[in-house]
Amino acid sequence: MGIFVERNKLTTLEEAAKIVKDGDIVAVGGGLCLREPIAMLHELIRQGRRNLHIVGTAHGFDVDLACGGGIVGTVEETHVSFEQDFGLAPNYRRACESGAVKIKESCCNTIINQLRAAEFGMPFVPMKSIKGSDEIRFHPEYKEFIDPFTGKRVILVPALEPDVAIIHVNKADVHGNVKIEPPYVADVLFMRASKKVIITTEEILPEEEMKRIGPTIPYYEITAVVHVPFGAHPTSCYPNYAYDRAHIAEYMRAASAGPEVFKNNYLDKYIFGVKSHADYIERIGGEAKMRLLASWKESREKWMELFTYG
Amino acid sequence: MGIFVERNKLTTLEEAAKIVKDGDIVAVGGGLCLREPIAMLHELIRQGRRNLHIVGTAHGFDVDLACGGGIVGTVEETHVSFEQDFGLAPNYRRACESGAVKIKESCCNTIINQLRAAEFGMPFVPMKSIKGSDEIRFHPEYKEFIDPFTGKRVILVPALEPDVAIIHVNKADVHGNVKIEPPYVADVLFMRASKKVIITTEEILPEEEMKRIGPTIPYYEITAVVHVPFGAHPTSCYPNYAYDRAHIAEYMRAASAGPEVFKNNYLDKYIFGVKSHADYIERIGGEAKMRLLASWKESREKWMELFTYG
Amino acid sequence: MVNGFEVGIDELFVVNVARTIKDRSTVFHGVSSPIPMVATYFAKLTHAKDMVYFGGVSSAVDPNPPFLPYTTNDWVMIQGRTAMVTVDKIFDLAQRGELDRSFFSGAQIDKYGNQNVSLIGTPEKCKIKFPGGAGGCNLSADCVNYTIWTTRHRVQRKKDRAIYTLVEKCDFITNIGHVTPYGSRRDLDLVGNGPDWVVTELGVFDFDPETKVMRLRYLYPDTTVETILENTAFRPVIHPDVRIMDMPTKEEIELIRQIDPLKVRQLEFQPEELRRKFYI
Amino acid sequence: MVNGFEVGIDELFVVNVARTIKDRSTVFHGVSSPIPMVATYFAKLTHAKDMVYFGGVSSAVDPNPPFLPYTTNDWVMIQGRTAMVTVDKIFDLAQRGELDRSFFSGAQIDKYGNQNVSLIGTPEKCKIKFPGGAGGCNLSADCVNYTIWTTRHRVQRKKDRAIYTLVEKCDFITNIGHVTPYGSRRDLDLVGNGPDWVVTELGVFDFDPETKVMRLRYLYPDTTVETILENTAFRPVIHPDVRIMDMPTKEEIELIRQIDPLKVRQLEFQPEELRRKFYI
């Protein structure tokens with residue numbers, strides 16, 4: 001919710017991050033190991049944002065990093081892990097188990113339909129599921145209701161309108177027209193349901209070129225545009241790069257060793273100690289690394305190798 | 001609602017039309033002068049289908065023809081006219097004013113959200129509008145409700161699940177994967193919300209080619225596929241053809257002159273008296289006409305001419 | 001003979017409707033809306049360049065149509081666009097309170113701005129069927145504001161009766177104005193603020209802030225308060241400072257002629273109205 | 001030494017899960033589901049060629065991934081697809097009653113098939129946090145049926161306690177089985193029919209039609225009813241005709257190895273379980 005008509009929305013990570021306020025409900029784009037807005041999370045961690053209420057579906061690196069970086073107050077995701085690859089999310093678990101973050105866990109279709117309600121201007125929508133699950137214990141706001149059309153029990157879930165969505169995309173123009181490659185995960189929903197939308201983009205296109213290819217989301221939904229090549233690293237942003245499994249392995253070693261090690265070996269090294277996103281890219285391996293991560297398209301074998309290195 | 005996995009769904013107009021039963025709720029695709037499934041309506045008229053409950057948003061030629069052809073029992077559209085071009089819809093008005101069809105008029109966002117409810121498996125959704133309008137007099141099924149989250153008045157509208165959607169599309173493969181050019185109007189919603197979906201298509205693509213361009217709707221939503229080039233005539237199916245204004249003018253002359261003239265001068269000539277859709281195309285001007293209607297892309301002047309002839 | 005550049009009633013009317021559009025706003029026109037179609041595109045090209053322009057139900061964002069067509073759902077209306085959305089997204093904007101303006105009309109328009117586009121009679125026994133409101137019932141409730149227009153303000157005097165478009169009370173309310181028999185907009189918890197301008201071929205109205213009754217603000221060079229009163233079945237509020245509307249510039253009129261070579265802007269007028277000419 | 005073609009527990013397990021999939025059905029596997037990921041693609045290539053195959057949250061329809069990856073939301077999983085949908089469309093199918101099967105697991109699984117993927121403790125005071133159910137709470141309610149799988153059936157005996165996965169009662173119910181403290185599926189007006197198969201590394205279960213308690217149907221060549229009872233915290237129903245499961249063919253196992261060169265199918269197993277081999 002919010003209409004943005006400025007002709008040039010191009011700004012810096014630093015300025016764009018200021019749109020996110022302490023305590024905001026923040027929709028974090030991408031999911032699991034795909035197209036998460038990591039550069040923007042770095043900036044929010046650097047700026048010391050606090051008590052963010054993070055919403056999303058099935059996520060991993062982003063939420064774990066945000067928890068480890070100390071910017072999270074509430075987690076309203078449906079799943080946080082590194083899947084079959086590295087398993088449980090160390091910072092996230094610690095934050096939940098220490099009480100540092102409030103757990104408001106949800107389920108994918110519930111979140112999706114709460115976002116849809118916000119997108120559609122509906123105050124709530126009915127769901128046939130949820131009943132019988134203890135997930136209602138995370139959500140005292142849900143209302144039980146008898147559907148007047150069928151007499152059956154449904155759960156009314158309220159519209160979920162994030163204050164800000166932060167989304168990494170493939171292409172954008174300075175007006176804010178956005179092109180995303182599938183899978184969209186919940187990103188299109190996030191952009192339409194949120195009051196403000198900050199995008200980081202791999203590439204800035206001329207407006208005429210964007211018109212030609214047809215934007216996934218039109219400019220008026222977008223608040224700010226930041227040009228951040230490799231802005232999703234170490235998650236993937238295909239076709240540009242696969243996920244950086246070696247980097248995530250390094251992350252996992254630091255995160256699993258406890259908060260102090262994580263601070264010293266990861267946050268200081270890759271977030272607090274870097275001068276810019278370009279500097280970050282240098283630290284994680286620079287051009288050689290980015291070439292390696294782009295090698296997935298060369299052959300099945302090269303692609304498989306990216307799943308085994310690290 | 002309905003999952004269709006048959007590998008080859010290709011059939012004839014005659015067979016496909018049998019999927020539509022007397023009394024069915026039928027979603028008719030396209031809208032106003034664009035991509036309406038006219039060839040399928042011809043077949044339903046020829047087969048003498050009765051008492052159909054037609055749903056849609058803003059329509060014109062299709063609904064007027066269906067009313068004139070005697071197949072309609074209830075109209076749940078939001079608008080039926082020939083717009084600024086030819087104005088009021090003669091057969092539709094006669095049918096409403098004589099009581100031959102039941103008027104269940106609705107509004108675009110209401111219909112859209114009722115279809116969404118069906119698509120999403122929700123029994124109903126809340127709307128903030130409708131209140132204050134006499135459109136509730138067409139819809140005793142709506143329920144007033146106080147939103148428990150905000151305390152405000154909303155209207156609960158039930159899911160609308162058509163028995164069959166009939167949609168004309170640009171491209172399909174025999175498996176049922178469908179490609180539509182924008183604007184989609186409500187067609188994608190119709191295909192997802194309806195129990196069965198019959199499509200007529202300008203073109204049949206090899207499955208590999210369809211994969212390459214990416215279907216708008218995947219095969220499992222589609223019940224039957226009929227190859228009918230010019231199947232939307234006299235409405236437009238861009239990029240193949242613009243609307244046939246001269247033909248619509250002829251139609252309007254017949255329809256405005258009363259039911260007998262309409263039967264003799266239009267239905268007999270173009271529907272009951274034709275042997276096949278190819279025969280119909282011959283009668284309306286054959287290849288020369290279709291070339292003319294494709295001439296819109298040659299220049300602005302050619303395109304404008306198509307809006308003035310007839 | 002009058003000297004000067006000739007302006008048709010249709011062109012002046014388009015300008016009046018365009019003036020209700022603000023820059024940096026979101027604007028949509030519906031079906032069967034030739035004048036709003038021309039006015040919206042005209043505004044986008046002139047004083048409202050940063051408008052988010054939804055060019056009808058074909059639902060292109062900021063199209064640049066090569067000409068304006070006779071039907072709103074034609075590929076003409078998606079040419080030169082910035083983006084496509086599906087039409088439901090426009091209705092979503094409205095229910096979210098983010099669609100700033102649309103345009104509605106009616107065979108009957110009452111003093112509170114309610115409009116009848118549905119029928120005379122009842123749903124069960126319909127005497128006269130109008131085309132239906134398309135998106136009007138929802139959008140008239142949801143849009144931040146909307147413009148009412150009609151080119152049929154002038155009463156039609158038949159042998160035995162007078163047929164008014166501007167009536168005391170609509171036989172059937174399709175699109176809602178400020179006050180309905182079901183209550184006011186506030187009573188009904190509606191999203192939008194209702195119609196703020198009414199443009200007719202005889203004058204331009206807003207609504208009295210107190211009574212919510214239509215209030216005369218501007219006249220054409222060839223109309224008077226008496227013209228309005230004669231042709232209106234209810235007693236409109238007369239603004240203390242009623243004046244003749246400002247004339248557009250020559251350049252504006254030339255632009256209208258350029259974007260609308262098929263003259264869709266004239267389709268809604270009775271032939272005798274089109275004889276009305278103004279000079280700048 | 002045993003003669004014959006060697007089959008790993010991981011491969012046999014994949015086949016057991018694949019056998020719960022019917023041809024011409026709609027099937028989706030969620031996140032963190034390596035075995036269902038392999039099993040579903042395997043079924044699509046063998047006995048369920050007309051399955052509508054949603055390959056994980058990347059939500060491609062009928063993909064042909066060049067290999068199976070370590071994360072379900074990777075471009076690998078959208079290669080060779082027939083179509084893309086957005087993931088919400090899969091959940092819609094489910095709530096409409098049209099998603100025939102999915103696959104769920106849990107750190108705790110109780111006798112009625114309820115699963116805990118959320119936490120030990122309470123939402124306010126969480127002792128152990130699990131990853132969360134992703135789509136499981138909704139889909140376990142909505143899917144026509146679903147398969148429960150776990151590779152951790154075997155009890156872990158620690159110094160002071162025994163940790164069971166198959167428990168009498170879950171500490172927290174994330175995904176619902178047949179009967180919950182809130183009522184049965186019928187009481188709750190749920191869309192789906194609940195879990196119909198439970199595949200573990202020790203056996204294969206369905207549910208007793210009367211009591212809705214897990215019922216042992218098949219054993220591995222190296223497990224017995226006693227193995228099951230020792231490793232299960234509740235008393236499962238024992239089907240009168242419990243038998244050793246049928247072995248897959250050599251061709252089937254070779255196909256699994258071909259589609260899963262990264263051996264994601266092994267990731268869920270404890271190293272000692274992977275030593276279990278079978279011969280055909």
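Chain letters run A, B, ... following the sequence lines, proteins first, then strands; residues in each count from 1. What you are looking at is a predicted structure, and each value in this text was computed from that prediction instead of being measured.
Contacts between Arg245(A) and chain D at a heavy-atom distance below 4.5 Å involve the side chain alone, from C-beta outward. Val179(D) does not touch chain A: none of its heavy atoms, backbone or side chain, sits under 4.5 Å away. Interface remark: Ala89(A) contributes no atoms to any contact with chain D (heavy atom separation under 4.5 Å). Proximity to chain A (any heavy atom under 4.5 Å) is shown, for Ser118(D), by both the backbone and the side chain. Contacts of Glu268(D) with chain A are absent, with no heavy-atom separation under 4.5 Å from either backbone or side chain. For Thr122(D), the parts sitting under 4.5 Å from any heavy atom of chain A are the backbone and the side chain alike. Only the side chain of Ile136(A) comes within contact range of chain D, with heavy atoms under 4.5 Å apart. Neither the backbone nor the side chain of Thr150(A) comes within contact range of chain D; no heavy atom of the residue lies under 4.5 Å from a heavy atom of that chain. Only the side chain of Tyr92(A) comes within contact range of chain D, with at least one heavy atom under 4.5 Å from a heavy atom of that chain. Heavy-atom distances place both the backbone and the side chain of Ile130(A) under 4.5 Å from chain D.
Counting heavy atoms from C-beta on, the side chains of Asp74(D) and Tyr238(A) come closer than 4.5 Å. Here the side chains of Pro131(D) and Leu88(A) are in contact, with some heavy-atom distance below 4.5 Å.
His79(A) contributes a side-chain N or O that, together with a main-chain N or O of Gly132(D), makes up a donor-acceptor pair within less than 3.5 Å. The closest donor-acceptor contact from the side chain of Ser133(A) to the backbone of Ile173(D) lies under 3.5 Å. Without hydrogens or angle criteria, Gln95(D) side chain to Lys128(A) main chain gives a donor-acceptor distance under 3.5 Å. Side-chain atoms of Arg300(A) come within 3.5 Å of backbone N or O of Pro66(D) as a donor-acceptor pair. Side chain of Asp189(D) to main chain of Arg153(A): a donor-acceptor pair is present (N/O by atom type, distance under 3.5 Å, no hydrogens or angles). Not a single donor-acceptor pair under 3.5 Å links the side chain of Lys129(D) to the backbone N or O of Glu97(A).
Within 6.0 Å of atom NZ in Lys102(A), 12 or fewer heavy atoms from other residues, nucleotides or ligands are found, so the atom counts as exposed in its surroundings. Shown here is Lys169(D), whose NZ atom has no more than 12 heavy atoms of other residues, nucleotides or ligands within 6.0 Å. Other residues, nucleotides and ligands place no more than 12 heavy atoms under 6.0 Å from the NZ atom of Lys263(D).
Residue with the most contacts toward chain A among Leu139(D), Val264(D), Ile128(D): Ile128(D) (heavy-atom pairs, distance under 4.5 Å). Listed options Thr78(A), Val154(A), Asp134(A) were ranked by heavy-atom pairs under 4.5 angstrom with chain D; first place goes to Asp134(A). Listed options Asn116(D), Asp92(D), Val191(D), Asn175(D) were ranked by heavy-atom pairs under 4.5 angstrom with chain A; first place goes to Asp92(D). Your options are Ala141(D), Gly135(D), Pro181(D), and the one with the most heavy-atom pairs under 4.5 Å with chain A is Gly135(D).
Side-chain atoms of Glu83(A) and Thr72(D) include a donor-acceptor pair closer than 3.5 Å. Counted by atom type alone, Asn138(D) and Thr110(A) present one or more donor-acceptor pairs between their side chains at under 3.5 Å.
The pair Arg116(A)-Asp88(D) counts as a salt bridge, with a side-chain nitrogen and a carboxylate oxygen less than 4.0 angstrom apart. Look at Glu124(D) and Arg137(A) and you find no salt bridge, because none of the NZ, NE, NH1 or NH2 atoms lies under 4.0 Å from a carboxylate O.
Pairing each heavy atom of Tyr182(D) with each of Gly132(A), the nearest pair is CD1-O, 3.3 Å. Among all heavy-atom pairs drawn from Ser32(D) and Gln84(A), the shortest one is CA-OE1, 3.4 Å. Across Ile78(D) and Pro183(A), no two heavy atoms sit closer than the pair CD1-CD, 4.2 Å. Taking all atoms of both residues into account, the shortest heavy-atom contact from Val185(A) to Val87(D) is O-CG1, 4.5 Å.
Note that the SG atom of Cys33(A) and the CG atom of Asn73(D) stand 8.5 Å from one another [nearest 0.5 Å]. Distance CG/Leu119(D) to CD/Glu105(A): 7.0 Å, rounded to 0.5 Å. The distance from the CZ atom of Phe91(D) to the SG atom of Cys107(A) is 7.0 Å, given to the nearest 0.5 Å. Annotation: the span from Leu34(A) atom CG to Met77(D) atom CE amounts to 13.0 Å, rounded to 0.5 Å. Separation of atoms CZ (Phe67(D)) and CE (Met304(A)) is listed at 6.5 Å; rounding is to 0.5 Å. Separation of atoms CG (Leu262(D)) and CZ (Phe307(A)) is listed at 7.5 Å; rounding is to 0.5 Å.
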Trp303(A) and Trp75(D): CA distance, side-chain angles, deciding distance, ring pair (Phe, Tyr, Trp, His ring centres under 6.0 Å) verdict
CA-CA 10 Å; Trp303(A) 204 354; Trp75(D) 259 30; 7.8 Å; no

Ring pair (Phe, Tyr, Trp, His ring centres under 6.0 Å) evaluation trace for Phe138(A) with Phe172(D):
CA-CA 11 Å; Phe138(A) 297 120; Phe172(D) 186 100; 5.2 Å; yes

Worked verdict on Phe82(A) versus Thr71(D) for side-chain contact (heavy atoms from CB on, under 4.5 Å):
CA-CA 8 Å; Phe82(A) 292 79; Thr71(D) 163; over 6 Å; no

